[in-house]
Amino acid sequence: MSKRKRILSGIQPSGTIHIGNYFGAVENWVRLMADYDCFFTIVDLHAITVTYDPALLPQRVWDAALDNMAAGLDPEKCTIFVQSHVPEHTELCWLLTCVTPLGELGRMTQFKEKSERERENVTTGLLNYPILMAADVLIYKADAVPVGEDQTQHLEFTREVARRFNGRFGDYFPEPAVLIGRGARVMGLDGMSKMSKSLDNFIGIGEEPEAIWEKLRPAKTDEARKRRSDPGNPDRCNIFSYHKLVTPEAGLREIVAGCTGATIGCIDCKKIFHRNLMKVLDPIRERRRSLAEHPDRVRDALAEGARKARLAARETLDGAKKLMGLL
Ligand code: TYM
């Protein structure tokens, strides 16, 4: 048994990983592989809590696996798997459902937002989403969960589920710590809301450089800077918040001086960001291309990942059932 601390995190198969996912979570996962016993899952069972097209789901799961592996998740150094391939998650989810008061679920921010969007199809699955997420984490007795800021409420809920279970049946689940990535909350290209696939305000990590430039060119900057000769305020500029993710210190100082002194325009500033971003994304796109040519590598990684995950998950599930008087 590994003595390293354990982490678990998950990502929805929503078509493509965007730079919000990457700088908020995935980049951190890649770094943490060196020091933790890592489990990463593509959460297809969460994806079906809202309206979706069953014909598209397999490709989306596949794309998520390719994106994550291309971004640096190495199946030799972590366990990467598809959530529905490890049915123990749903079994633990049911057990945890039976210790979760109904009232708390309806108060979750993400439930409120999504049920607003899904008016015609607010399922019990959507309501129970956070319990399945708690099961994802607790079934590996994870010590920590690396995520972006938008998941902190769900993880506080996970900690409460653990406390409630432990209080009722005996100390069993650790309360996981939350590890927030460098880009805790990457804003969308509109500068108004969090970058997200569903709001179509994103830059995908696998997009071609030209396509990314076409999205960046009209993207929101400091609104007060109407003409190139107007001095800008980098702290009010969404593009500057992006720069902080990819531009080295010295480069950032030059941007601040150029923007406040009106010696560089917004388009120049975006060009520099684009160049620096592509230094991160070019190798990812290359790796993705080569992985796509060897689908067996991805298939094998997911099969081996599910096998390893099931071993760990079964052990925790059996212990929980025993404590609940189910064996
Ligand atoms: P998901 O698929 O929405 O996002 C995956 C990860 O990316 C982070 N993220 C962001 N970080 C910064 N800025 C953004 N604009 C941004 N958008 C997304 C998310 O915080 C997340 O870390 N419910 C989860 C999936 C999940 C999970 C889990 C996570 C299921 N079970 C267990 C952790 C542990 C979700 O929908 O993430």
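As the structure lists them, so they are numbered: ligands from 1, and atoms in each ligand from 1.
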Item to check | Sequence neighbours excluded, every pair satisfying ring pair (Phe, Tyr, Trp, His ring centres under 6.0 Å) that has a member inside residues 220-259 | outcome: Tyr242-Phe273, His243-Phe273
Item to check | Atom CD of Glu223 with >12 non-hydrogen neighbours under 6.0 angstrom | outcome: no
Starting from the N and O atoms of ligand 1, find every protein N or O within less than 3.5 Å and list the pair with its distance.
| unit_1 | atom_1 | unit_2 | atom_2 | d |
| --- | --- | --- | --- | --- |
| ligand 1 | 2 (O) | Gln12 | N | 2.8 |
| ligand 1 | 4 (O) | Asn21 | ND2 | 3.4 |
| ligand 1 | 7 (O) | Asn21 | ND2 | 3.1 |
| ligand 1 | 11 (N) | Gly20 | O | 3.2 |
| ligand 1 | 13 (N) | Val186 | N | 2.8 |
| ligand 1 | 15 (N) | Val186 | O | 2.9 |
| ligand 1 | 15 (N) | Met195 | N | 3.4 |
| ligand 1 | 15 (N) | Met195 | O | 3.0 |
| ligand 1 | 20 (O) | Gly148 | N | 2.9 |
| ligand 1 | 20 (O) | Gly148 | O | 3.4 |
| ligand 1 | 20 (O) | Asp150 | OD1 | 2.4 |
| ligand 1 | 22 (O) | Gly148 | N | 3.2 |
| ligand 1 | 23 (N) | Tyr129 | OH | 2.6 |
| ligand 1 | 23 (N) | Gln151 | OE1 | 3.1 |
| ligand 1 | 31 (N) | Asp136 | OD2 | 2.7 |
| ligand 1 | 36 (O) | Gln12 | NE2 | 3.2 |
| ligand 1 | 36 (O) | Tyr129 | OH | 2.9 |

Checklist entry - Ion pair present between Arg314 and Asp318, side-chain N to carboxylate O less than 4.0 angstrom? => result yes
Next on the checklist: Quick check with a 6.0 Å cut-off and a 45 degree axis cone: is Lys215 positioned over the face of Phe202's six-membered ring?
Outcome noted: yes
Checklist entry - Is Arg6 salt-bridged to Asp37, going by a charged N under 4.0 Å from an acidic O? => result yes
Item to check | Shortest non-hydrogen contact from Gly72 toward Arg287 | outcome: N-NH2, 4.2 Å
